[in-house]
Number of protein chains: 2
Amino acid sequence: MSKAPDKPVSSSQRALHELREKIFAGDLPAGSDHLESELAGLLNMSRTPVREAVLTLEGQGLLELRPRKGVRILPVSPEDMAEIYDVLTELESLAAQRAAEAGYDADALRLLTEAIDDMDVAIAEQDLEAWAAADDRFHAELVHLGGNSRIAGIVGMMIDQVRRARKTTLFMRPLPTQSNEDHRQVLQAIASGDATLARAVHRRHRQHAKSIIVSLLAKHRLRYL
Amino acid sequence: MSKAPDKPVSSSQRALHELREKIFAGDLPAGSDHLESELAGLLNMSRTPVREAVLTLEGQGLLELRPRKGVRILPVSPEDMAEIYDVLTELESLAAQRAAEAGYDADALRLLTEAIDDMDVAIAEQDLEAWAAADDRFHAELVHLGGNSRIAGIVGMMIDQVRRARKTTLFMRPLPTQSNEDHRQVLQAIASGDATLARAVHRRHRQHAKSIIVSLLAKHRLRYL
DNA sequence: GCATTTATTTGCGTATGCATTAATACATCC
DNA sequence: GGATGTATTAATGCATACGCAAATAAATGC
């Protein structure tokens with residue numbers, strides 16, 4: 001891959017990306033408070049770009065600004081998970097329907113297919129991280145094919161909000177073999193142009209995921225992730 | 001109403017509210033570009049709080065930051081309208097369903113009922129502005145009763161995005177008498193606890209609204225609002 | 001004339017400093 | 001001893017300044 005010698009990325013953007021990463025990595029743990037100056041020091045920049053990044057991240061629901069107490073990394077409760085999965089269920093179902101209506105050919109569905117294959121491989125190798133990454137790609141590509149940019153954006157935001165939480169629950173449950181069966185059915189329905197089926201199957205898929213996660217959190221008494 | 005003598009609202013918040021209002025009022029027209037310094041001058045403050053407000057508004061999809069060309073007030077195309085109404089259809093339908101499942105009594109449904117009554121009055125008086133305001137209240141209260149805060153937030157954002165556009169189309173179509181029939185049916189279904197019906201009726205309501213608006217825009221060749 | 005290069009302007013990104021105000025510690029009074 | 005008022009601290013909100021890069025204008029070469 002040819003690369004530009006160096007892309008001069010602005011401090012604001014760097015703050016945005018690095019803070020996101022640190023939140024996902026648990027480097028900035030859920031529920032923790034951080035002063036603007038602390039974050040600025042952490043990233044070796046002044047407060048200004050940090051403030052801008054933090055403003056944006058607040059809009060994405062990843063943290064909360066509490067004047068004089070610092071920015072709080074938002075924890076995700078089981079109720080939050082339920083809310084988020086409900087949103088995903090509704091919006092992704094429509095995306096699946098629309099993708100089926102669009103009548104994509106096999107080539108256009110390649111990314112979707114690859115993601116599913118990758119998940120199979122990951123499951124066989126018991127590589128849950130790789131599975132999660134491929135799962136993300138599947139759902140991102142699905143909403144992309146759905147053709148509604150707002151849905152794609154919202155779904156992305158919601159998935160970001162559950163990223164941390166999902167990572168911890170990932171290792172608490174059996175291998176998601178059934179999940180990939182669902183994915184294949186969705187793909188099948190889209191490829192055959194059956195919009196109603198695509199919608200129904202994907203809806204069931206997400207509802208099932210929701211119940212799995214929610215009951216898992218309840219079982220382990222996990223209130224905040 | 002008793003009021004605090006004066007609430008010292010921050011400049012950032014003032015910028016946020018005033019810019020929003022100016023966008024909705026068409027004071028900052030769709031598609032227009034504005035330099036940060038221009039907006040700062042307009043609001044009598046420095047660039048800093050303006051930048052913060054603009055960042056937030058970008059996240060809400062009301063404007064776009066194009067460095068060196070100014071912030072552009074985002075126009076809404078017919079395709080955007082279609083996207084937005086699709087999102088509203090999916091998310092509000094679930095809210096209606098959940099509201100019905102929650103089993104609210106008549107008192108809890110008072111705001112919803114009042115909004116409907118207000119719309120009847122507004123229609124009788126041919127006061128479209130009042131009708132639109134009451135319609136907003138109906139939909140806001142519906143998603144509130146749905147109990148999913150994220151849905152409420154997203155729906156609010158989407159409605160903000162179509163505000164300007166809706167205002168102009170409002171006077172191009174017949175009185176929305178049928179619309180309020182739908183509202184009553186939704187209320188009825190919620191009051192009687194029929195979640196499936198509530199969902200179905202509201203879905204039809206929003207889909208109908210979408211087709212009305214989209215065909216209206218097509219008919220009048222309105223590409224950007 | 002047209003294109004290409006150079007100069008100039010101008011808007012933005014970021015750092016910095018200050019004033020404001022909330023939170024905390026302290027002191028005083030009942 | 002508890003409560004209320006005051007002082008101190010410290011974090012934020014905002015204004016300002018400055019350097020850089022992009023856009024525009026000017027100039028030079030062909």
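Naming convention: chains lettered A, B, ... in sequence-line order (proteins, then strands); numbering from 1 in each chain.
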Heavy-atom count around B/Phe24 CZ within 6.0 Å, excluding the residue itself: above 12?
yes
In whole Å, I'd like the distance from the CZ atom of A/Arg14 to the P atom of C/dG13.
16 Å
What N/O pairs connect the protein and nucleotides 9-11 of chain C at under 3.5 Å? Give each pair on its own line.
residue	atom	partner	partner atom	Å
C/dG11	N2	B/Arg68	NH1	3.1
C/dG11	N2	B/Arg68	NH2	2.2
C/dG11	N3	B/Arg68	NH1	2.9
C/dG11	N3	B/Arg68	NH2	3.2

Report yes if a side-chain nitrogen or oxygen of B/Thr48 is closer than 4.0 Å to either non-bridging phosphate oxygen (OP1 or OP2) of D/dG13; otherwise report no.
no
Neighbour count above 12 (heavy atom, 6.0 Å) for A/Arg66 CZ:
yes
note: B/His34, atom NE2; C/dC12, atom C1'; distance rounded to Å ~ 17 Å
State whether a side-chain donor-acceptor pair under 3.5 Å links A/Gln161 with B/Arg150.
yes
How are the rings of A/His139 and A/His183 set relative to one another: parallel (under 30°), tilted (30 to 60°) or perpendicular (over 60°)?
perpendicular
Hydrogens and angles aside, do A/Gln207 and A/Thr89 bring a side-chain donor and acceptor to less than 3.5 Å of each other?
no
Gap between atoms CD and P, on A/Glu38 and D/dA10 respectively (whole Å):
16 Å
Neighbours of DNA chain D within residues 50-62 of chain A, by heavy-atom distance under 4.0 Å
A/Arg51
Is a side-chain N or O of B/Arg14 found less than 3.5 angstrom from the main chain of B/Pro49, in a donor-acceptor match?
no
Does C/dA15 have its OP1 or OP2 closer than 4.0 Å to a side-chain nitrogen or oxygen of A/Ser46?
yes
Please report, rounded to the nearest Å, how far the C1' atom of D/dT16 is from the CE atom of B/Met45.
16 Å
Tell me the interatomic distance from B/Arg47, atom CZ, to D/dC18, atom C1', rounded to whole angstroms.
11 Å
Ranking C/dG13, D/dC14, C/dA15 by distance to the side chain of A/Pro49, first place goes to C/dA15
So that I can tick it off, tell me whether A/Glu64 and A/Arg72 are bridged by a salt bridge, with the cut-off set at under 4.0 angstrom between side-chain N and carboxylate O.
no
In whole Å, I'd like the distance from the CG atom of A/Leu65 to the C1' atom of C/dA22.
16 Å
Nearest non-hydrogen partners of A/Glu92 and A/Val143, listed with the distance:
CG-CG1, 3.9 Å
Among residues at least two apart in sequence or on other chains, which ones pass salt bridge (charged side-chain N to carboxylate O under 4.0 Å, His left out) with B/Glu114?
B/Arg110
